[in-house]
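Reminder, nothing fancy here: chain letters follow the sequence lines and each chain counts from 1.
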Amino acid sequence: MASRALYSPRHPMLKKRDDFEDILEERRRSSDLRYALRCYTPTLYRGLVPCKASMLKSIVLQSDHLQYVIKQVSSESGESTEGVSEEASLILDEMAHCLQLSTIRFFAFTLSKAFKRLFRSVCVNEEGIQRLQQAVQEHPVVLLPSHRSYMDFLMMSYLLYTYDLPLPVIAAGMDFMSMKFVGEMLRMSGAFFIRRSFGGDKLYWAVFSEYVKTMLRNGYAPIEFFLEGTRSRTCKSLTPKTGLLNIVMEPFFKGELFDVNLVPVSISYERILEESLYARELLGIPKPKESTSGLLKARRVLSEDYGSMYVYFGHPVSVRSLAEGKINRSQYNLLPRYIPQKPSADTHEFLSDAAFRLVRIQEENMVLKPWVLIATLLLQNPDGLDLSSLAEQTDWLRHLALAFGAFLDWPDHEACSEVVSCSLALHRHLLSVSAGHVQLSVTDVPQVETTPEEAVFHQAVVVLSCASYRNQILHVFLRPALLAMAMQSANSNRKDDVYNGFNFLRKVFSNEFILCPGDSVQDFEEACYLLMKRGVLQVLEHEIVMSASGHSTLAFLSSVLDPFLQGYQVVCRYLCEETNENLTEKEFIPAVRSFALKLILAGRLKCYEALSSDLQKNALAAFLRLKAVRKVKVGDQVTLKVNKVAVNSLEDILGGKIPTQKPILARL
Amino acid sequence: MASNSSSSSAQQRLRIIAGHLQKRPEDEHASVAAQECKAETPRSNPSSAAPVPKRRQEIMKWNGWGYSDSRFLFNKKGQAEFTGKRYRLSGLILPSLKDWFEGTFGANLQHKSPATPTVNLSAVAPPNLNEPFIEDLKAAGVAASHDPEDRVFRAHGHCLHEIFALREGRIGRVPDMVVWPSCHSDVEKIVELACKHNVCLIPYGGGTSVSSALECPHEETRSIVSLDTSQMNRILWIDEKNLTAHVEAGIIGQDLERQLNEHGYCTGHEPDSMEFSSLGGWVATRASGMKKNIYGNIEDLVVHIKMVTPRGVIEKSCLGPRMSTGPDIHHFILGSEGTLGVVTEVTMKIRPIPEYQKYGSVVFPNFQQGVACLREVARQRCAPASIRLMDNEQFQFGHALKPQVSSIFMSFLDGLKKFYITKFKGFDPHHLCVATLLFEGDRGKVLQHEKQVYDIAAKFGGLAAGEDNGQRGYMLTFVIAYLRDLGMDYYVIGESFETSVPWDRVLDLCRNVKERIVRECKERGVQFPPLSTCRVTQTYDAGACVYFYFAFNYRGLSDPVHVYEQVEHAAREEILANGGSLSHHHGVGKLRKEWMKESVSGVGLGMLKSVKEYVDPQNIFGNRNLL
């Protein structure tokens with residue numbers, strides 16, 4: 001059933017979502033201490049093999065898989081097996097969690113206090129919790145939350161504790177480890193730590209994968225990890241990573257488990273704690289290294305109002321039904337199962353497809369607040385809007401978003417203007433409101449003189465912060481917006497031409513947004529369907545015609561993506577005009593940034609989002625993929641070789657100077 | 001049961017066979033017939049007449065398993081009993097079967113689904129006879145019949161869908177004629193005539209196939225002739241120097257064993273179907289016997305095979321025990337499932353009847369421990385004649401077949417045993433499982449062997465649980481097919497299937513297949529959870545044979561057989577996905593054909609096809625099995 005939901009054609013209006021309960025309500029009424037000390041009796045997996053955290057280590061170290069790799073590594077490196085075993089044991093010590101209920105209770109107490117100060121409410125879909133309770137009993141569970149904030153995994157464990165569900169073990173990045181005390185606290189609350197990059201380290205990979213699989217196979221605890229790999233600084237979902245997904249699916253592929261339940265969880269924030277931190281990071285103002293003292297300084301954040309937080313537990317997705325007809329499990333028959341096997345091409349494709357779909361489920365279940373709509377409108381109107389017109393447009397946009405299936409949390413029985421002013425109040429630090437006119441602007445202007453560059457950066461922080469809210473709704477508008485842009489740039493109404501344009505844009509932006517590979521026809525049809533239903537388009541057999549009333553919607557939609565289009569053009573221009581022969585990969589981001597900055601200072605560019613390193617990275621990845629840029633390794637430097645002709649024509653197509661036609665596409 | 005008598009070993013052996021098989025009150029004069037085949041003259045001596053009559057329906061069920069006089073039923077008091085006089089269980093009351101049956105399947109004795117009592121002969125299509133063939137056959141003096149009852153009897157094996165249809169009185173394509181050759185040269189004539197007149201031949205041995213192998217292909221337009229080998233049932237000679245016997249391939253297992261026993265020998269080949277299945281059938285399907293650990297499977301037992309094919313007779317030129325003469329031609333014959341020809345005579349290894357035989361059983365706290373123990377036994381290569389591990393569901397099933405205990409003392413003893421295992425030893429009655437053992441050999445060695453195995457078992461938490469439990473375990477396999485008929489009287493259908501799998505995947509495969517069955521049943525609207533159980537029935541150096549029983553209550557389903565087939569299909573897919581084989585000993589038939597290519601690769605299948613093409617270009621042996 002779960003998988004059917006995953007693959008069914010989407011009918012946004014019919015999408016049924018669960019209701020929310022505010023868990024803080026109960027916390028505000030009763031003792032936190034009693035809550036932290038309450039009797040905790042989680043629902044357990046029926047196939048549970050009871051085992052302690054310390055036992056876990058010896059099971060992993062003695063596993064056939066690890067023993068095999070140890071011998072292999074030892075014969076390759078000439079080191080003794082004892083030495084390699086010792087190394088493996090050290091890796092495991094560095095990695096392993098040591099989940100303790102007492103630490104969880106400590107967190108239950110302190111987080112209750114913190115959450116009550118930070119958030120007005122923490123809303124959870126209890127039906128999702130019930131589904132999870134069911135799923136946990138049947139098969140091992142993998143929790144896949146979205147990742148927007150450090151809060152995410154604290155909140156997950158907190159919720160599972162609250163609802164008497166087994167506490168998860170969480171794959172966390174090594175950067176936390178450097179925070180001495182906090183790292184250990186997190187370890188005791190179930191986090192295990194993985195190095196950020198261990199590319200070719202066989203031993204590391206073996207220890208890591210065996211550790212995760214052992215916990216999964218024994219039903220030790222739900223495994224929690226972030227498909228996106230890291231916190232999204234832009235609030236757009238990131239292209240999912242498949243490494244860990246492969247690890248948790250392999251026990252099913254190899255028949256060691258009957259099934260594994262994947263539970264996508266969407267965590268959304270009305271206001272993100274790290275909001276301006278992220279914007280600064282994107283602008284290249286270096287991120288402070290995670291340190292305990294840094295965290296203490298961040299106490300300031302505790303005194304502010306972050307509105308509500310929403311956690312939506314999606315339907316469990318059975319790996320078995322996902323893989324049905326896609327993975328031939330007998331491919332694992334001819335090799336003893338403890339010998340590591342690289343996933344086949346089929347498996348790779350399946351993993352990537354599954355990962356994309358799971359991220360899309362996360363996106364679809366992400367709660368959107370009215371502010372997201374307002375932020376979208378304010379970004380499109382850099383000179384600001386009158387309050388009344390803002391309210392009017394927000395209302396219009398609200399209906400459009402709902403028609404496209406957005407999961408919008410709009411307060412019942414409240415006038416639109418009321419809702420708008422509430423939202424503005426919560427996000428006042430990004431706005432200036434005077435005489436009924438609202439505008440994005442820098443609020444805490446420093447007293448000292450600022451250089452023009454600094455002024456641009458200050459404004460950019462505001463814009464990028466605001467964009468992080470608009471980004472949350474992009475997945476709703478994305479497909480129709482790509483269609484709108486394609487129609488604008490196509491010279492004809494012919495369906496084929498529009499589709500070609502659509503497909504081209506889809507290709508260019510597939511690092512920027514979550515677009516499942518291979519879904520282009522489906523996406524196109526979905527976009528047509530949505531716009532047709534809205535009365536914007538008429539889709540005939542060979543033609544797509546805009547309706548008389550459709551102009552404003554199309555204009556809105558294409559300007560939603562406009563910043564990205566402009567940003568990519570800036571990158572193109574930079575690659576054509578500025579690059580010398582020896583542009584290294586490392587220099588790329590700072591160089592594009594200063595190029596964009598120059599354009600802005602010269603008044604030739606209005607789009608602050610072009611300064612975002614995320615956009616620049618994605619653009620580069622896209623150009624590499626489209627083979628307009630090549631990576632060449634020279635010594636230990638990676639340099640970028642630009643095919644200026646290709647980049648030029650890309651820019652022209654993006655700028656709408658040339659319609660997308662097949663020959664050009666072919667040349668790319 | 002045989003452990004305390006040590007008189008005549010032959011007699012002892014006889015009693016053992018009689019124990020789990022047939023009771024034979026009158027003496028048989030089944031003598032070894034070494035005379036030349038005289039097909040022209042009908043046999044004069046009625047006492048040496050074939051134990052399997054031409055009209056099998058006279059002693060066997062036409063729409064169910066086994067002898068007509070033996071069946072399970074619920075008597076007026078609602079107690080289960082087994083009728084007849086042939087088996088140890090015959091005439092006994094099984095008090096706990098009803099509760100188990102109702103509890104496991106959600107079945108109810110009020111809800112009956114009785115079978116059609118007699119064959120509806122009008123539903124049998126008139127035979128499509130090839131007159132010139134019949135003429136020539138008559139001239140050759142081969143017995144034949146186109147009586148509808150004879151034809152219906154040979155149109156099926158014992159797959160669920162076959163029996164279910166018969167019970168409902170549905171009869172599909174049946175052979176147009178039955179012929180009974182009485183010796184090798186009869187078969188040669190029949191095959192020659194079949195080629196001459198382009199008639200389709202389907203060899204028929206014991207009729208115990210569970211792979212749709214005996215089903216007449218629907219697309220066959222020629223006259224179909226069922227070649228019943230049952231009259232070719234003589235032991236032609238016994239060679240005590242080399243310990244071999246030359247036997248006609250139509251002989252059925254129990255007759256072969258009984259007759260050899262009279263001379264002090266046995267083959268030791270005891271497949272669960274040995275009461276009815278034939279030597280030729282074993283060869284044609286690569287059969288496996290429960291005591292293969294001592295005697296080997298059929299491929300280890302045969303020394304020489306003679307088979308009549310459309311191209312002529314295939315056989316080796318000597319009785320050497322092993323040859324290096326290219327690929328072993330026996331392996332084209334073994335498992336050919338009647339697609340290449342008819343096996344007529346087999347030279348087979350024989351052994352002196354073992355002096356001593358002893359059953360045993362071991363209880364394990366759970367299935368994992370049990371499998372680990374079997375693995376260790378296989379590693380040490382000390383497996384007894386038979387060692388089987390039943391899972392918990394099957395253990396309970398076996399328990400439900402316990403006959404009424406005659407004395408209060410016995411039931412007190414049973415209670416004590418149960419208390420000891422569950423309370424004192426702390427075994428969870430819903431997890432414990434039992435291994436059944438059968439030791440054979442001379443007395444001293446058996447006792448020594450027994451100790452060795454029990455010592456290994458103890459390392460895996462196993463507790464010896466007595467001979468009785470062991471023996472009942474083996475009985476289950478002989479009566480299971482009768483039990484299916486009982487189930488079918490009350491809306492319960494089921495079947496067994498098997499596979500072989502490397503040791504390291506045994507547990508995963510068992511768990512996944514059982515779970516898949518449960519899940520598929522649920523998804524297809526089966527109202528009650530099915531019985532989904534397995535046992536490890538054979539151990540090998542590199543793996544094990546696993547046997548599944550699967551049954552469910554089909555009330556409320558409009559097409560139960562279809563549901564059954566879908567679930568079985570899914571279960572087979574699951575087996576293959578978990579590293580199990582397509583079949584360990586049931587064969588492929590038509591039921592599992594679709595997976596052949598996947599199982600043996602395209603080239604492998606091509607090889608088999610090219611053999612078929614050479615041997616039988618006209619597709620005379622047109623049962624369309626395997627390929």
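- The distance from atom CG of B/N512 to atom CG of A/L257, rounded to the nearest 0.5 Å, is 8.0 Å.
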> Stepwise, does the side-chain contact (heavy atoms from CB on, under 4.5 Å) test hold for A/R329 with B/L576?
Replying inline: CA-CA 8 Å; A/R329 283 182 285 154; B/L576 297 176; over 6 Å; no
>> Determine whether B/D508 and A/K254 satisfy the following criterion, salt bridge (Lys or Arg N to Asp or Glu O under 4.0 Å), listing intermediate values before the conclusion.
In response: CA-CA 9 Å; B/D508 289 330; A/K254 291 187 171 179; over 6 Å; no
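- Between chain A and the residues B/E598, B/R516, B/E523, B/E573, the most heavy-atom pairs under 4.5 angstrom are made by B/R516.
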> Please walk me through it: do B/E515 and A/E138 pass side-chain contact (heavy atoms from CB on, under 4.5 Å)?
Replying inline: CA-CA 11 Å; B/E515 177 139 7; A/E138 281 175 1; over 6 Å; no
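- For the set A/S330, A/P336, A/G255, the entry with the most heavy-atom pairs within less than 4.5 Å of chain B is A/G255.
- For A/D259, the part sitting under 4.5 Å from any heavy atom of chain B is the side chain, from C-beta outward, and nothing else.
- Residue A/R46 qualifies as enclosed at atom CZ: its count of foreign heavy atoms under 6.0 Å is above 12.
- Taking the charged nitrogens against the carboxylate oxygens, B/R511 and A/E256 have no contact shorter than 4.0 Å, which rules out a salt bridge.
- The neighbour count for B/H331 NE2, taken as heavy atoms of other residues, nucleotides or ligands under 6.0 Å away, is above 12.
- For B/H431, the NE2 atom sits in a loose shell: 12 or fewer heavy atoms of surrounding residues, nucleotides or ligands are nearer than 6.0 Å.
- Shown here is B/Q566, whose CD atom has more than 12 heavy atoms of other residues, nucleotides or ligands within 6.0 Å.
- Considering CG of B/N578 and OH of A/Y332, their distance stands at 13.0 Å, rounded to 0.5 Å.
- Not counting sequence neighbours, the partners of A/Q133 by the side chain to side chain contact (heavy atoms under 4.5 Å, CB included) test are A/T43, A/I129, A/Q130, A/L165.
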